[in-house]
Amino acid sequence: MKFYKKYVVTVFFALFIVLFSITDMITSDKVFSELENRYLQQKPVLSISALIGNNYTMKFEEYINDQFLLRDSWITLKSRAEYAFGKLENNGVVYGADGYLFAREKSVDEKRLAQNVTVIYDFMARFKELDPALMLVPSSYAMMPDKLPRGLNNFDQIGAIDGIYRRITSGKAIQIADALLQKQNQYIYYRTDHHWTSQGAYIAYQQYMNAIGYPAADFSSELSHRWDNFYGTYYAKAKRVDAKPDTVVWYDVPGISVTVDGKPVDGLYDLSQIEKKDKYGMFLYGNNGLTVTQNSGGGGNGETLLIVKDSYANCIIPYLVADFDKIVVVDLRYFTESMDNLISESAPDHILVLYGLSGLSSDTHIGKLAG
């Protein structure tokens, strides 16, 4: 009897590990995580070349981490435990003031960033007659310093953007940091997500229109809609116990027709996303290879704008559609055609390259801009 009492915990723990492992092995892998708004690593294919290059072991480790049984529940438990002990950072996300969550970004891949910026410089120079412009969006931590915890010492995004802008020789640098900093106490970035809000995007829209010599349109509150209870990507990573949900705001723009990868869709917004985890995905139907908007409602300037972008552009485009007769939107992560052919066919009057700086520093698709 003493033997059983002595080892019952050990036996119980061993049985738990065995049952948990068996259940984990027979549970089907998930393809997409709505909680984290990303595709999960699938089981890699074993090959000699993958083993030699160490690619297999790295991907298999990512696969195990992504497909771990009850992963979302473990993330929540870890967050609650660390929060109870007063920890102000979890899973690369920092807890700021007023319910804001920020990225912990001590550094970026500066080599990759320099390579991508060089490709953009060359792209702008090749099409300098098309009024090219570059807009780089800082992360929220760079724009809201008063809400950061002391001693964060994150990467200097503002300094990096200024350095990139100074080296532009063909085209425009769209300065938005100063305008955003002046409004830092307003709702310009989501508290729980890495994107800017529609209010923050509108400030950037004003800066771009001013740079190309056109007045920015006013958007009446009568045309606005809102949806509360949005928990974004930072919340998905950190699961802060007392996180404050965000509000998504969008505006009706009449007379706009939209095609996504050649297929017509109903307007600028995928309203079905409102009922899902990734509410930001409603803007412009998320990220797609080629999206085209046509302004048939009048009021456009008769010109075509080509935008090369990441997801930060998705909520600024609904403002721009009122100004341009046509907007051609390219997300290089999903675009598989020739950029030069697209430019030749669409004949844009203006080109805007718009990326979040953090995303640009890790993007592996910018090379598609090369001639």
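- Asp109 and Ser362 are not linked by any side-chain donor-acceptor pair at a separation below 3.5 angstrom, with hydrogens and angles left out of the test.
- Between the side chain of Trp250 and the backbone N or O of Phe283, no donor-acceptor pair lies under 3.5 Å.
- In this structure, a donor-acceptor pair under 3.5 Å is present between the side chains of Gln199 and Gln186.
- Using modelled atom types and a 3.5 Å distance limit, the side chains of Ser338 and Asp340 yield no donor-acceptor pair.
- Across all their heavy atoms, Ala238 and Asn90 have their closest contact at O-ND2, 2.9 Å.
- A distance-only check finds a donor-acceptor pair linking the side chain of Ser296 to the backbone of Gly255 [under 3.5 Å].
- Between the side chains of Asp193 and Thr233, at least one donor N or O lies within less than 3.5 Å of an accepting N or O.
- Across all their heavy atoms, Leu136 and Pro138 have their closest contact at O-CD, 3.6 Å.
- Formation of a donor-acceptor pair under 3.5 Å by the Asp325 side chain with backbone atoms of Gly302 is found in this model.
- Taking the six-membered ring wherever Trp is involved, the centroid distance between the rings of Tyr141 and Phe102 does not fall below 6.0 Å.
- Salt-bridge formation is not detected for the pair Lys263/Asp261: no Lys NZ or Arg NE/NH1/NH2 atom is positioned less than 4.0 Å from an Asp or Glu carboxylate oxygen.
- Two residues are said to be in side-chain contact when any heavy atoms from C-beta on lie closer than 4.5 Å; Leu290 and Val328 meet this criterion.
- What you find for Met144 and Leu148 is that their closest heavy atoms are O-CG, 3.7 Å.
- No donor-acceptor distance shorter than 3.5 angstrom exists from the side chain of Lys183 to the backbone of Ile188, with no hydrogens or angles considered.
- Side-chain atoms of Asn295 do not come within 3.5 Å of backbone N or O of Asp323 as any donor-acceptor pair.
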>> Does Phe155 form a side-chain contact (heavy atoms from CB on, under 4.5 Å) with Lys106? I'd like the steps, not just the answer.
In response: CA-CA 5 Å; Phe155 178 72; Lys106 292 184 178 180; over 6 Å; no

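- No donor-acceptor distance shorter than 3.5 angstrom exists from the side chain of Asp131 to the backbone of Lys128, with no hydrogens or angles considered.
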>> ring-ring contact (aromatic ring centres under 6.0 Å, His included), that's the test. Do Tyr355 and Tyr312 meet it? Break it down for me.
In response: CA-CA 6 Å; Tyr355 277 82; Tyr312 274 92; 9.6 Å; no

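- For the residue pair Asn91/Lys239, the side-chain donor-acceptor check at 3.5 Å is not satisfied.
- Nearest heavy atoms, Ser139 versus Gln157: N-OE1, 2.6 Å.
- Closest approach of Cys315 to Tyr280, counting heavy atoms only: SG-OH, 3.6 Å.
- At least one donor-acceptor pair closer than 3.5 Å links the side chain of Asp349 to the backbone N or O of Thr304.
- With rounding to the nearest 0.5 angstrom, the CG atom of Leu134 is 9.0 Å from the CD1 atom of Ile161.
- Note that CD of Glu275 is 7.5 Å distant from NZ of Lys279, once rounded to the nearest 0.5 Å.
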>> Between Arg104 and Val93, does the side-chain contact (heavy atoms from CB on, under 4.5 Å) criterion hold? Intermediate values first, please.
In response: CA-CA 5 Å; Arg104 183 63 162 121; Val93 175; over 6 Å; no

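- Between Tyr269 and His225, the ring center distance fails the sub-6.0 Å criterion.
- Looking only at distances, a side-chain donor or acceptor of Asp246 sits under 3.5 Å from a matching main-chain atom of Arg191.
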>> The test is side-chain contact (heavy atoms from CB on, under 4.5 Å); show your working for Ile307 and Val330 and say whether it passes.
In response: CA-CA 6 Å; Ile307 300 178; Val330 176; over 6 Å; no

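- Using modelled atom types and a 3.5 Å distance limit, the side chains of Glu110 and Ser361 yield no donor-acceptor pair.
- Annotation: the span from Lys147 atom NZ to Asn185 atom CG amounts to 5.5 Å, rounded to 0.5 Å.
- Taken from CD in Glu345 to CD in Glu337, the straight-line distance is 9.0 Å, to the nearest 0.5 Å.
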> What's the verdict on side-chain hydrogen bond (donor to acceptor under 3.5 Å, both in side chains) for Asn287 and Asn314, showing C-alpha distance, side-chain angles and the deciding distance?
Replying inline: CA-CA 8 Å; Asn287 299 312; Asn314 293 2; 3.1 Å; yes

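- Contact record, His350 with Tyr214: NE2-CE1, 4.3 Å, taken as the closest heavy-atom pair.
- Of the possible polar contacts, one joining the Asp363 side chain to the His365 backbone as a donor-acceptor pair under 3.5 Å is found.
- Aromatic ring centres of Tyr205 and Tyr208: separated by at least 6.0 Å.
- For Tyr190 and Phe230, the gap between ring centers is short of 6.0 Å.
- At least one side-chain heavy atom of Pro149 sits less than 4.5 Å from a side-chain heavy atom of Val94.
- Checked for salt-bridge contact, Asp278 and Lys276 miss the test: no charged N lies under 4.0 Å from a carboxylate O.
- Enclosure of atom CG in Asp228 by more than 12 non-hydrogen atoms of other residues, nucleotides or ligands within 6.0 angstrom is indicated.
- The CD1 atom of Ile351 sits 9.0 Å away from the CG atom of Leu305 when rounded to the nearest 0.5 Å.
- Both the sub-6.0 Å distance and the 45° axial angle are not jointly satisfied by Arg167 relative to the ring of Tyr121.
- Ring to ring, His195 and Tyr189 are not that close: their centroids are 6.0 angstrom or more apart.
- Counting only distance, with no hydrogens or angles, the side chain of Tyr187 and the backbone of Thr247 share a donor-acceptor pair below 3.5 Å.
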